[in-house]
S.K.: 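Please see the structure below; I have some questions.
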Amino acid sequence: MVLAKASIFLSGDRSSGLWVDSIEAATAFYGEKLGISITRVHDALTLHAANGVDIPILLKSGHVPSRHAVLYFVVDSIAGVLPELISRGVHFSSHDYEVGDGLGLEKEWSPLIVWLADPAGNVLCIMQRH
């Protein structure tokens with residue numbers, strides 16, 4: 001489970017959650033591709049982070065994703081998680097205003113970060129712990 005031990009925090013307050021347009025796609029992405037512990041009850045998911053943060057993911061018809069990162073995963077080593085994520089089919093992206101290496105790894109920033117999006121278009125970030 002690749003990000004199962006990651007600390008998670010949101011860009012908003014801790015009572016925030018995410019919205020998606022497909023619970024099935026979110027379940028496959030967060031649970032299978034990212035390896036995060038999740039609970040599904042009807043049309044809602046809860047992500048369970050290693051640091052004790054639970055994040056609700058709710059179904060929203062007509063969801064329009066934000067253009068900024070809404071969820072951050074903090075890991076000990078980006079180099080330690082990228083190969084497995086890539087093997088699971090996770091695609092990384094770079095923002096136009098930042099310089100990356102093709103995988104989205106932002107080498108000019110500290111801490112090291114990579115960007116990705118979930119199937120609903122929500123922008124996510126994996127950040128290396130200092």
S.K.: Should Val20 and Phe29 count as side-chain neighbours, where that means a heavy-atom distance under 4.5 Å?
M.R.: no
S.K.: Rounded to the nearest 0.5 Å, how far apart are CG of Leu18 and CG of Leu47?
M.R.: 7.0 Å
S.K.: Between CG of Leu82 and OG of Ser87, what distance do you get to the nearest 0.5 Å?
M.R.: 11.0 Å
S.K.: Distance-only criterion, 3.5 Å: show the donor-acceptor pairs between side-chain atoms of residues 58-65 and protein atoms not counting sequence neighbours.
M.R.:
residue, atom, partner, partner atom, Å
His63, NE2, Trp19, O, 3.3
His63, NE2, Asn122, OD1, 3.2

S.K.: Closest approach of His91 and Leu116, non-hydrogen atoms and distance?
M.R.: O-CB, 3.6 Å
S.K.: Pro56 and Asp54: which non-hydrogen atoms are nearest, and at how many Å?
M.R.: CD-O, 3.8 Å
S.K.: Heavy atoms only: give me the nearest Ile57-Ala26 pair and the separation to one decimal.
M.R.: CG2-CB, 4.4 Å
S.K.: Quick one: side chain to side chain donor-acceptor pair (under 3.5 Å) partners of Ser66, sequence neighbours excluded?
M.R.: His68
S.K.: Sequence neighbours left out, what passes side-chain contact (heavy atoms from CB on, under 4.5 Å) with Ala25? Give chain and number order.
M.R.: Ser22, Pro119
S.K.: Once the angle between the rings of Trp115 and Tyr72 is folded into 0 to 90°, is it parallel (under 30°), tilted (30 to 60°) or perpendicular (over 60°)?
M.R.: perpendicular
S.K.: Please list, chain by chain and in numerical order, all residues satisfying side chain to side chain donor-acceptor pair (under 3.5 Å) with Thr39, sequence neighbours excluded.
M.R.: His48
S.K.: Let me know which of Val114, Ile113, Leu112 forms a side chain to side chain contact (heavy atoms under 4.5 Å, CB included) with Met127.
M.R.: Ile113
S.K.: I need the minimum non-hydrogen distance between Tyr30 and Leu34, along with the two atoms involved.
M.R.: O-CB, 3.6 Å
S.K.: For Asp21, enumerate each residue passing the side chain to side chain donor-acceptor pair (under 3.5 Å) test, keeping only those at least two apart in sequence or located in another chain.
M.R.: none
S.K.: Test of understanding: with side-chain contact (heavy atoms from CB on, under 4.5 Å), list the residues that count as partners of Arg40, not counting sequence neighbours.
M.R.: Ile23, Glu24, Thr27, Asp43, Leu45
S.K.: Please report the interatomic distance NZ(Lys33) to CG(Leu3), rounded to the nearest 0.5 Å.
M.R.: 13.0 Å
